[in-house]
2 protein chains.
Amino acid sequence: MSAETPIRFGILGCAEIARKLSRAITLAPNATLYAVGSRSIDKAAGFAKANNFPPGAKIYGSYDAVLDDPDVDAVYVPLPTSLHIKWAVLAAQKKKHILLEKPVALNVAEFDKIVEACESHGVQLMDGTMWMHHPRTAKMWEFLSDTHRFGQLRNIHTCFTFAADPDFLKNDIRVKPDLDAHGALGDAGWYCIRAILWANNYELPKTVVALRNPIVNEAGVILSCGASLHWEDGKVGTFHCSFLSSLTMDIAAIGTKGTLHVSGFVIPHREKEASFSTASETGFDDLVTCWVPPPSDHIVTTDLPQEALMVTEFSRLVGIVKNGSKPEKKWPILSRKTQLVIDAVKASMDKGFELVHIE
Amino acid sequence: MSAETPIRFGILGCAEIARKLSRAITLAPNATLYAVGSRSIDKAAGFAKANNFPPGAKIYGSYDAVLDDPDVDAVYVPLPTSLHIKWAVLAAQKKKHILLEKPVALNVAEFDKIVEACESHGVQLMDGTMWMHHPRTAKMWEFLSDTHRFGQLRNIHTCFTFAADPDFLKNDIRVKPDLDAHGALGDAGWYCIRAILWANNYELPKTVVALRNPIVNEAGVILSCGASLHWEDGKVGTFHCSFLSSLTMDIAAIGTKGTLHVSGFVIPHREKEASFSTASETGFDDLVTCWVPPPSDHIVTTDLPQEALMVTEFSRLVGIVKNGSKPEKKWPILSRKTQLVIDAVKASMDKGFELVHIE
């Protein structure tokens, strides 16, 4: 099979988010929707129809059947977090490349088993942190990594909150201790932590302290929380994530020479154009009554949505592996670091908001 | 004397910031520059000339001489924080109304003595938190207090950082333990804390925890720090202030229904027009690929700069007192609450980042 043949995706389950990814797979030039499996074959058939699967796509009544199909190259796994270890390891064993939704696992120990399975079976692993693949992210990184314009990072604050409706707060998998045990921390907090790590060029913090008084539901699942992350040089990151307040997705990164602001970092306000703002070596006028120069706004356009760009990149890497190369290790390393910080925040909460060291 | 006579200001000292306030007094329709005192009469004369004091303005070689001038109605006190208690109390005893720079004192106990002196001598006291008087602040408060558009505040993050030059870091009064003992916390942090209290309609937090690893200079003065503030209902505020990073002045306030963002909250990017942005009951499109509706930007124009509006409001209140009414207590109450939180953050640092209760 040539590298130009589109990567054939199987989807495990019919999660809400799989609708967006199905569209992304359709839009990606090097990928194709090939199969979907659900515990209910009717549900799988309905999903394939509603999401414009091509004629001839396979409809399966189980996840196993997708994994057993020799023509499936890669699987997209949007299952509840507690099921990731089982299905990601099984998929790896069946030599399926894996696009895995976040949070990648319940903890790093579980994730390490997934990585081990992927490595021993030579399959590519990438998590579904879609904003990493938006061209705006690369543009913002150009600014953050520019020692003249931005200098060195000193402080970063990120947040991701949304106002879940009563049905979500009662029934969504993200508020169920047996499904997504980390609640808002694993869901919205994942993005906040990834953004902090990204702005730090993925250097892990030395210590983490959870902020006091997180809000949890009756079952103990986090609905709202935050933490501070500390590096040895005094650099500080803070984040806040919540299911209980108005939609907000911010990064404010402050360097020695410049500042980056973005609203809607996870999902841009508009699909085809995304904005951010920068200030660089700005100061005041003589009487300290205005900024000289004021911050400037930037707009980055994209023809393909960020999810399609993610699928495109993942499929490109899968194509390379199919041609005999080793899988790209960068993506699972980023997933692991993000999970490590989530684990540390949770540990700090469990220890009464004590300082937790990251080894 | 009628209420229409402009309030005659005396300025104690020739601090850098007094230049901006001199301009503000000149611009305010109900105030006039009347006197300036410095330990050096030459310096005072030079200051008066450079700052367009009117002909006949009094030039004094001491602060006492300003206070002894019976025609001075009010004094502006931009002296180092450690001198506030002495000169504000003396000014009150001489029946001078007082516009006092922030931080108002080294601690609440000192500030209470200033308030006591002002109350027993019937003079108006207001601190120099100029952004409170910008019409943008009133517009933003309209949004924050609108239960339909904003709902209830759940989280707020504020920051004020600027990149001080080597001379500032060596010689400025704000890095000297005997002058402005709280460094960046008392200076930039004052505004951050005030903004958090403002957004909470001045309800004090129940507890405060300083973030770990503040950066201090050789003399122990804070150059960079942060804290989290907690209310009983789970509401959280965080702030970061620093002399060591790029100019940034943010408020991000997240409510149950809406979000407010402002950059440049202390000093707007432009003197005559100031912006902020709001999102209200926003969500995603069906596939969660964009915001519906996206946030909206707002611009508030002002003919007078915020410092002139502050002087105008202060002078209005002084005029009312001169006509026989009691001083307005609102402003010293806000100063005291801000100072109380500064004291709590400092106490938390001193106790190894323990939780500190605010009574």
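A quick note: this is a predicted structure, and the numbers were derived from the prediction, not measured. Below, chain A is the first sequence line, B the second, and so on; all start at residue 1. Just the heavy atoms: all of them, side chains too, but no hydrogens, waters or symmetry mates, feed the values below.
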Undergrad: Closest approach of B:S246 and A:I254, non-hydrogen atoms and distance?
TA: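 So the minimum-distance heavy-atom pair works out to O-CG2, 3.6 Å.
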Undergrad: Pick from B:L287, B:T282, B:L247: which one has the most heavy-atom pairs with chain A under 4.5 Å?
TA: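 Top option by heavy-atom pairs under 4.5 Å: B:L247.
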Undergrad: Contact part of A:T289 toward chain B, heavy-atom cut-off under 4.5 Å: side chain, backbone, both or neither?
TA: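 Contact with chain B is through both the backbone and side chain of A:T289.
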Undergrad: Give the intermediate values and the outcome of side chain to side chain contact (heavy atoms under 4.5 Å, CB included) for residues B:H261 and A:D250.
TA: CA-CA 10 Å; B:H261 283 115; A:D250 293 348; 2.4 Å; yes
Undergrad: So how far is it from B:T207 OG1 to A:R212 CZ, rounded to the nearest 0.5 Å?
TA: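 So the OG1 of B:T207 and the CZ of A:R212 are separated by 7.5 Å.
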Undergrad: What distance do B:I267 atom CD1 and A:D285 atom CG have between them, rounded to the nearest 0.5 Å?
TA: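 Going from CD1 on B:I267 over to CG on A:D285, the span is 8.5 Å.
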Undergrad: Identify which of B:P295, B:P305, B:G283 forms the greatest number of heavy-atom pairs closer than 4.5 Å to chain A.
TA: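 The candidate making the most pairs under 4.5 Å is B:P295.
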Undergrad: Taking side chain as C-beta onward, heavy atoms only, is B:F284 less than 4.5 Å from A:K20?
TA: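 Not in contact.
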Undergrad: Quick check for you: to the nearest 0.5 Å, what is the distance between B:S228 atom OG and A:F353 atom CZ?
TA: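 Here the interatomic distance stands at 10.0 Å.
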Undergrad: Closest heavy-atom contact between B:W291 and A:S263?
TA: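 So the two residues come closest at CH2-OG, 4.5 Å.
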Undergrad: Can you say whether B:K257 sits under 4.5 Å from chain A via the side chain, the backbone, both, or neither, judging by heavy atoms?
TA: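 B:K257 touches chain A through backbone heavy atoms alone.
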Undergrad: Grab the two heavy atoms, one from B:A163 and one from A:T256, that are nearest each other, plus how far apart they are.
TA: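 Smallest heavy-atom distance, with atoms named: CB-O, 3.9 Å.
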Undergrad: Can you check whether anything in residues 144-157 of chain A gets within less than 4.5 Å of chain B, heavy-atom wise, and list it by number?
TA: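 Expected list: A:R154, A:N155, A:H157.
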Undergrad: Let me know if A:V236 has heavy atoms under 4.5 Å from chain B in its side chain, its backbone, both or neither.
TA: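 It is the side chain, since no backbone atom gets that close.
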Undergrad: Give me the atom names and distance for the closest heavy-atom approach of A:R270 to B:C290.
TA: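 Smallest interatomic distance, heavy atoms only, reads CA-CB, 4.0 Å.
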Undergrad: Measure B:I215 against the heavy atoms of chain A and call it side chain, backbone, both or neither at under 4.5 Å.
TA: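 For B:I215, the contact with chain A is made by the side chain alone.
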Undergrad: What are the two closest heavy atoms between B:G255 and A:S245, and how far apart are they?
TA: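 Looks like O-CB, 3.2 Å.
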Undergrad: Nearest 0.5 Å please: distance from the CG atom of B:D286 over to the CZ atom of A:R19.
TA: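 Taking CG in B:D286 and CZ in A:R19, the distance rounds to 4.0 Å.
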Undergrad: Measuring from atom CG of B:L244 to atom NZ of A:K235, what distance do you get when rounded to the nearest 0.5 angstrom?
TA: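 Going from CG on B:L244 over to NZ on A:K235, the span is 14.0 Å.
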Undergrad: Which bit of B:T248 is near chain A, if near means a heavy-atom gap under 4.5 Å: side chain, backbone, both or neither?
TA: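 Interface part for B:T248: both.
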